[in-house]
Amino acid sequence: QVQLVESGGGLVQAGDSLRLSCAASGRTFSRSVMGWFRQAPGKERDIVAAIVWSAGITYYAGSVKGRFTISRDNAKNTVYLQMDSLKPEDTAVYYCAARSKTTITTVTGDYDYWGQGTQVTVSS
């Protein structure tokens with residue numbers, strides 16, 4: 001089992017920055033890939049970014065590339081999502097997810113464990 005706990009969401013203005021954290025505990029081999037997803041009201045849950053825990057290989061959705069940065073701290077078993085130049089369209093609940101296989105995928109069903117989500121609201 002893997003437990004994921006997100007933190008760091010909040011209400012900010014357009015152009016501001018936020019850093020989300022996802023603390024992971026449990027079996028390390030079950031979280032080979034960590035992903036950040038988001039879901040806005042009435043919309044599907046979509047991937048934002050992902051990282052291969054051991055190799056540090058990253059993936060970004062086109063809408064956030066150049067503005068968001070995913071990283072991990074092995075010592076703290078924590079994955080971060082640094083979000084800069086935030087826009088109102090970034091408003092959503094952000095979820096951390098873990099996948100036991102070592103290949104990055106954008107499909108929500110391919111991730112085995114999920115956190116409870118953290119709200120990010122960007123005002124214009």
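Reckoned from all heavy atoms, side chains included, excluding hydrogens, waters and symmetry mates. All values derive from a computational prediction rather than experimental measurement.
- Within the 4.5 Å cutoff, the side chain of S32 has no heavy atoms near those of the K101 side chain.
- Sorted by first and then second residue, the ring pair (Phe, Tyr, Trp, His ring centres under 6.0 Å) pairs with a member in residues 78-100 form an empty list; sequence neighbours excluded.
- The shortest non-hydrogen separation linking A98 to M34 is CB-SD, 3.6 Å.
- One distance of note links OG1 of T58 with CZ of R72; it measures 10.0 Å at 0.5 Å rounding.
- To the nearest 0.5 Å, atoms CG (D46) and CD (Q39) are separated by 8.5 Å.
- In this structure, a donor-acceptor pair under 3.5 Å is absent between the side chains of D73 and T78.
- In this structure, the separation between CG on L4 and OG on S25 is 7.5 Å, given to the nearest 0.5 Å.
- Contact check for V122 versus L11: no side-chain heavy atoms found under the 4.5 Å cut-off.
- Side chains of Q82 and S17 form a contact here, defined as non-hydrogen atoms less than 4.5 Å apart.
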List the atom pairs, donor and acceptor, that lie under 3.5 Å between side-chain atoms in residues 50-57 and the rest of the protein, sequence neighbours left out.
unit_1	atom_1	unit_2	atom_2	d
W53	NE1	N74	OD1	2.6

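- Both L20 and V2 sit in one connected hydrophobic cluster of ILVMFWY residues. Membership requires side-chain heavy atoms under 4.5 Å apart, directly or through other members.
- Here CD1 of I47 is found 4.0 Å from CZ of F37. Values are rounded to the nearest 0.5 Å.
- Under the 3.5 Å distance criterion, with hydrogens and angles disregarded, no donor-acceptor pair is assigned to the side chains of R67 and S63.
- With R38 as the partner, the side chain to side chain contact (heavy atoms under 4.5 Å, CB included) test is satisfied by one option alone out of V93, L81, V64: V64.
- Taking all atoms of both residues into account, the shortest heavy-atom contact from W36 to C22 is CZ2-CB, 3.6 Å.
- Counting only heavy atoms from C-beta outward, the side chains of Y60 and V48 never approach each other to under 4.5 Å.
- If you take CG on L18 and CG on D90, they are separated by 10.0 Å, rounding to the nearest 0.5 Å.
- In this structure, CD1 in I70 is found 11.5 Å from CE in M83, a value given to the nearest 0.5 Å.
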Show me the donor-acceptor pairs within less than 3.5 Å that the side chains of residues 109-119 make with the rest of the protein, sequence neighbours left out.
unit_1	atom_1	unit_2	atom_2	d
D110	OD2	T105	OG1	2.8
Y111	OH	T105	O	2.6
D112	OD2	S100	N	2.9
D112	OD2	S100	OG	3.1
Q116	NE2	E6	O	3.3
Q116	NE2	E6	OE1	3.4
T118	OG1	G9	N	3.2
Q119	NE2	A92	O	3.4
Q119	NE2	T121	OG1	3.3

